[in-house]
Amino acid sequence: MPLGASPIVSRGGVSDSQAQGSKQALERWLTERIQSKEPEDDPPQELLGLFDMNLPGRRVLLDRLIEEVDSGRASPGLLKVLQSVFGELLALDPTGHRPLKLRVAVGQAWARLRHWDAALEALDGCEEALMGSKYIHYLASTLHGERADIYRRLGVQEQAAACWRRQVEALNAAPAELHLDKARRGSHQIEAHLLLAREDYDRLQERVAEMLEDEGLYPPGRGQRGELLARAARGELDRCRVDSTFAARCEQQLRGALACDLSTAERASCRIDLADLSLLLGRFEEARKQLTLAKGSFVGRPLPADVAKRCATLHSVLARRSGDSASLQAARRDLLQVFEEFLAAWERTPPRVGGYGFLTFHEDRRLLSELCLLEVRLERGAEGARTALNHLIRARSLNSLERSLRKQRGAGPGAEVFPWSGPGGALVSLTASDRSHLFLVDAQGVSMLELAATDLLTAASAQLRQAYLAAARAEG
């Protein structure tokens, strides 16, 4: 079957040699696109022509495409081509299972690249096609789970929770004879993530313990068991920042997770959590060791965005402690690179009515906090504070409301706030998990003050509010 053959014809039989030829042609097609990285204008007919064979042969090719997308090698151009022919591919398989699975895999791949809008577009396109599929319960639960995970990572927790509830409904509606263990484990992961995002740490511990009681679903030593332990440990790590009594359970759960057959990314995440815990406990050499192990998992491959962000942040903490000039410069370079990638991911995401949970996650604010500290440490004085403040202004300029207002005014990206003209000044704050920052801006310049961590500020604010209300009630 030559490449580029156009309309798809359902053939009753195709020889083994023809099927093998189409599979080899698909491998060449994929190899060309992996190497070029820029198949933006690729005519989809070239891909569709490969499917001019019987149903078993088509399914082999669809499985190969799913495998390629799942591998993480797929470029944005390849994902666009696959997304553009989804309707045609859906017609190739009466069950719809493989084309829909491919579409979900494309959405997952866009999410890994942090192209959130493209990911949601791919997944939203599956909704109508699910109707009538014999695999509707499995596919619907997977679809809603992936959407929940994307909205969670975007900080839109209400939307994430709504998608998760739809996932649970799809699973509960499935016939008892269907084996949907993978989908149920996925639902549990989303639930744990949502509890973590809400900082409902007690409930997180309870639910993880309940889930792990089912050793049929979570056999000892399996990666899925370790992933849930890692979620529970992250909650205890957050609590350790204000109460070290949670450290023992946090370390126990992380060690338990690492004893399981985790994926490379999950194992690296646990190592980073152990490094973070070690920093809190003053075990600095152990922190360095765990960071080295985490990064060593990806030799010859780029670090995933979340791993790179957290490693750079913790390396900055260690560099500030050492005071070594070369280490500080290297830490700032790494932080700036991660920060620029973080901003680029948000710039690709169109503004949303109601906004996103922008800069709500501890690790994002902590990254920005460390960058501010390094700028002041290396540049010293007002110039460092000014550079630090402008990093914060750049980040905040990407929230949905400000971007929409700028578009209405025809204005460009967020501008620097200094030099300040006219009387008065401004106070700009950044709260983070280790410390917070208050910038004072006026005609004299910019200065930065360090304040308590966000959890301590929140607790103090609650106490102040209670005292105020109590005084108000006492006065009648």
Side-chain angles (χ1 to χ4, degrees), residues 155 241-242 309 312-314 316-317 319-321 323 325 328-329 331-336 338-340 342-343 346-347 355-406 409 411-468:
R241 301 190 192 285
V242 293
K309 174 170 57 182
T313 300
L314 296 187
S316 174
V317 175
R320 286 191 297 102
R321 182 179 180 275
S325 178
L328 290 168
Q329 293 285 357
R332 178 167 65 170
R333 182 181 62 247
D334 291 345
L335 278 176
L336 279 171
V338 172
F339 181 60
E340 292 297 336
F342 168 76
L343 295 183
W346 280 105
E347 285 174 340
Y356 300 101
F358 187 57
L359 286 179
T360 59
F361 293 114
H362 289 313
E363 53 263 37
D364 295 337
R365 296 201 306 272
R366 194 178 184 191
L367 163 70
L368 191 48
S369 170
E370 279 297 322
L371 186 54
C372 289
L373 288 172
L374 285 182
E375 297 293 8
V376 172
R377 180 81 169 263
L378 290 168
E379 294 190 35
R380 300 192 182 281
E383 189 61 31
R386 174 185 171 182
T387 303
L389 176 58
N390 283 313
H391 289 320
L392 176 56
I393 296 301
R394 282 187 65 201
R396 287 191 172 175
S397 71
L398 292 176
N399 72 63
S400 290
L401 178 60
E402 184 164 342
R403 290 166 71 187
S404 298
L405 292 174
R406 283 204 313 272
R409 298 193 304 263
E416 295 188 355
V417 299
F418 186 80
W420 184 271
S421 59
L427 297 176
V428 185
S429 65
L430 168 66
T431 58
S433 57
D434 288 344
R435 72 196 53 76
S436 301
H437 308 272
L438 182 65
F439 293 91
L440 290 75
V441 186
D442 59 20
Q444 304 302 312
V446 179
S447 57
M448 184 180 82
L449 303 178
E450 286 190 31
L451 303 178
T454 183
D455 289 334
L456 296 176
L457 289 177
T458 300
S461 175
Q463 291 174 359
L464 180 62
R465 183 173 183 275
Q466 289 172 1
Y468 173 79

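The residues of the chain are indexed from 1 along the displayed sequence.
The only option from Glu363, His391, Arg396, His437 that meets the side-chain contact (heavy atoms from CB on, under 4.5 Å) definition with Leu368 turns out to be His391. Of the options Thr454, Leu456, Leu451, a side-chain contact (heavy atoms from CB on, under 4.5 Å) to Thr431 is made by Thr454 and by none of the others. With Glu370 as reference, Arg320 is the one residue of Arg377, Lys309, Arg320 to meet the salt bridge (charged side-chain N to carboxylate O under 4.0 Å, His left out) rule. In summary, of the residues considered (Asp334, Leu335, Leu328), a side-chain contact (heavy atoms from CB on, under 4.5 Å) with Ser316 occurs for Leu335 alone.
Distance check, rounded to the nearest 0.5 Å: CZ of Arg366 to CG of Leu373 gives 11.0 Å. Here the OG-CG distance, from Ser369 to Leu392, works out to 10.5 Å after rounding to the nearest 0.5 Å. Note that CD of Glu450 and SG of Cys372 are 10.0 Å apart. Values are rounded to the nearest 0.5 Å. Atoms OG and CZ, from Ser433 and Phe361 in turn, are 13.5 Å apart once rounded to the nearest 0.5 Å. To the nearest 0.5 Å, atoms CG (Leu457) and CG (Leu464) are separated by 12.0 Å. Note that CZ of Phe342 and CG of Leu371 are 11.5 Å apart. Values are rounded to the nearest 0.5 Å.
The minimum heavy-atom distance linking Ala452 with Ser436 is given by the pair O-OG, 2.7 Å. Contact between Ala319 and Ala331 at its shortest, heavy atoms only, is CB-CB, 3.9 Å. Summarising the geometry of Arg394 relative to Phe339, their closest heavy-atom pair is NH1-CE2, 4.2 Å, with the distance given to 0.1 Å.
Between Leu389 and Met448, every side-chain heavy-atom pair lies at or beyond the 4.5 Å cut-off.
Looking at Arg365, its side chain does come within 3.5 Å of a backbone N or O of Thr360 through a donor-acceptor pair.
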Check your understanding: Going through the checks in order, is the side-chain contact (heavy atoms from CB on, under 4.5 Å) test met by Val446 and Leu440?
Key -> CA-CA 6 Å; Val446 179; Leu440 290 75; over 6 Å; no
